Every structure is written in structure tokens, then in C-alpha cells.
Amino acid sequence: MKFAIIGCGSIGSRHARNLISLGHEVFLHDVMENKATTLAQELSAKVYDDTTPADAHVDAWIICTPPFKHLETAKLAITQGFHAFIEKPISHTIDGVGDLLKRANESGLTVAVGYQLRFDNGLLKMKELIDTGVIGDVLHAFGCRGP
């Protein structure tokens, strides 16, 4: 498969390395072009600018930009006909998320958010307790993983 990775910081770089190690082709983009170019040279990947992700004939975009750019970038991916994998959180605001999901659904495209803890047994149990009303209305929550 071919993937466009938008954002070549820490997590974008990790996704690029993992995908290449699995035999996938990767196209890189970052607003700081030198980040994409440096990573592309290191990984023997390709770089594209803002105007060419559709021309790369990729299967999906992996969005690793700062959260305030997630929705804008994901909407561009959907508009151009690409599936989108968005690093957490889906956005810095809930405004526009419903529209993005509606557009994707109407287009038959998938939008996924990378968040491995949604399958954590402890968090699933907490959700169950909240959903069933066992612990009452939650006004505030804070969590951290142990050592």
C-alpha cells in the first residue's frame, strides 16, 4: 500500500519507519520542508508538497500534524477521495468533527483515530460503570498510567 504522511515530527517519523519496515511505500509532507526531506533521505522515502498528495496515488493519509490542523487536513483528504488516519486527538475542538465524519460516510471513506488506550481493560470498565450509572455523574476525571 501507499501512504501519505502529513507531519514528520516524532509520531509521523515513527509511522513512516513502521510502514516502510512492513513493505509499504511512503510519501512525506511537512510544512517545514527540511523535516520531510531529511526523513525521506534517511528512509529512502518520497517527499511531496501541498499540491501533489493526490498525484501520489496513495491509499490513505496519515495525519500527524498539530491537533489544531487535524480537521482541516482530514477534510482535504476526504475531499480528494482518501481514507484518513488521524493521530489523537481527532481535533482540538469538537466543532466540525460531525461534518468530517458525515462527509467521509457519504463518500464511503474511513476516518480512524489512533488511540491505543480505547481498548484498555481498565478504561473499558470505567466506561461501563459510567454508562450504567453505577458511579453517577462524572464532573471531572484525571488519569495516569502507573510505572
Side-chain angles (χ1 to χ4, degrees), residues 1-40 42-43 45 47-50 53-54 56 58-147:
M1 292 182 72
K2 296 180 182 181
F3 294 92
I5 296 180
I6 295 84
C8 296
S10 174
I11 194 64
S13 299
R14 186 176 311 157
H15 283 304
R17 284 183 181 84
N18 289 341
L19 288 167
I20 288 170
S21 75
L22 293 170
H24 299 291
E25 192 170 354
V26 170
F27 295 81
L28 304 170
H29 172 73
D30 197 288
V31 293
M32 298 172 64
E33 192 175 329
N34 63 324
K35 288 177 88 173
T37 302
T38 300
L39 184 61
E42 177 187 331
L43 302 177
V47 176
Y48 68 86
D49 63 30
D50 287 315
V58 298
D59 298 295
W61 288 18
I62 299 179
I63 301 169
C64 304
T65 58
F68 75 92
K69 297 290 275 180
H70 285 180
L71 282 181
E72 175 186 331
T73 308
K75 285 179 183 176
L76 182 59
I78 297 302
T79 300
Q80 292 187 16
F82 298 103
H83 303 286
F85 176 88
I86 307 168
E87 265 306 322
K88 68 178 182 331
I90 194 168
S91 178
H92 69 298
T93 177
I94 196 69
D95 297 334
V97 172
D99 181 54
L100 170 70
L101 299 177
K102 180 181 175 196
R103 286 183 191 193
N105 189 43
E106 290 171 349
S107 301
L109 297 168
T110 299
V111 172
V113 178
Y115 187 64
Q116 73 280 11
L117 292 179
R118 70 177 170 198
F119 302 108
D120 180 85
N121 287 333
L123 294 176
L124 290 172
K125 183 63 176 179
M126 185 181 303
K127 181 177 181 341
E128 175 190 326
L129 294 173
I130 292 168
D131 289 348
T132 59
V134 170
I135 62 174
D137 293 332
V138 177
L139 302 178
H140 178 79
F142 174 82
C144 66
R145 288 189 81 94

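Just so it is clear, the model here is predicted, and its values are computed rather than measured. Quick note: numbers below take in every heavy atom, side chains included, and nothing from hydrogens, waters or symmetry partners.
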Colleague: Please confirm whether the backbone N or O of P89 pairs with a side-chain atom of H70, one donor and one acceptor, at under 3.5 Å?
Modeller: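 Checking the backbone N and O of P89 against the side chain of H70, a donor-acceptor pair under 3.5 Å is found.
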Colleague: Is the count of non-hydrogen atoms from other residues, nucleotides or ligands lying under 6.0 Å from E33 atom CD greater than 12?
Modeller: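 Result for CD/E33: open.
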Colleague: Are K69 and E72 ion-paired here, with the side-chain N under 4.0 Å from a carboxylate O?
Modeller: yes
Colleague: Between OG1 of T93 and CG of L71, what distance do you get to the nearest 0.5 Å?
Modeller: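 Reported to 0.5 Å precision, the distance equals 8.0 Å.
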Colleague: To the nearest 0.5 Å, what is the distance between CD1 (I11) and CG (N18)?
Modeller: 8.0 Å
Colleague: Decide yes or no on side-chain contact (heavy atoms from CB on, under 4.5 Å) for S10 and R14, but give the supporting numbers first.
Modeller: CA-CA 6 Å; S10 174; R14 186 176 311 157; 4.0 Å; yes
Colleague: Are H15 and F3 close enough that their ring centers fall under 6.0 Å?
Modeller: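 They do not qualify: ring centres at least 6.0 Å apart.
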Colleague: Set out, in order, the CA-CA distance, both residues' side-chain angles and the distance that settles side-chain contact (heavy atoms from CB on, under 4.5 Å) for R103 and V111, then state yes or no.
Modeller: CA-CA 10 Å; R103 286 183 191 193; V111 172; over 6 Å; no
Colleague: So how far is it from I5 CD1 to E87 CD, rounded to the nearest 0.5 Å?
Modeller: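 One gets 10.5 Å once the value is rounded to the nearest 0.5 Å.
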Colleague: Would a distance-only check, ignoring hydrogens and angles, find a side-chain to backbone donor-acceptor pair under 3.5 Å from D59 to M1?
Modeller: no
Colleague: Determine the interplanar angle of the F68 and H92 rings, folded into 0 to 90°, and report it as parallel if under 30°, tilted if 30 to 60°, perpendicular if over 60°.
Modeller: perpendicular
Colleague: Is the number of heavy atoms from other residues, nucleotides or ligands under 6.0 Å of N121 CG greater than 12?
Modeller: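 Open.
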Colleague: Passes side-chain contact (heavy atoms from CB on, under 4.5 Å), V97 versus V113? Steps please.
Modeller: CA-CA 12 Å; V97 172; V113 178; over 6 Å; no
Colleague: What's the separation between atom CG in L43 and atom OG1 in T38, rounded to the nearest 0.5 Å?
Modeller: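 Answer for the CG-OG1 pair, L43 versus T38, is 10.5 Å.
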Colleague: What distance separates L100 CG from N105 CG, expressed to the nearest 0.5 Å?
Modeller: 11.0 Å
Colleague: Test I6 against Y48 for side-chain contact (heavy atoms from CB on, under 4.5 Å), laying out the working first.
Modeller: CA-CA 10 Å; I6 295 84; Y48 68 86; 3.1 Å; yes
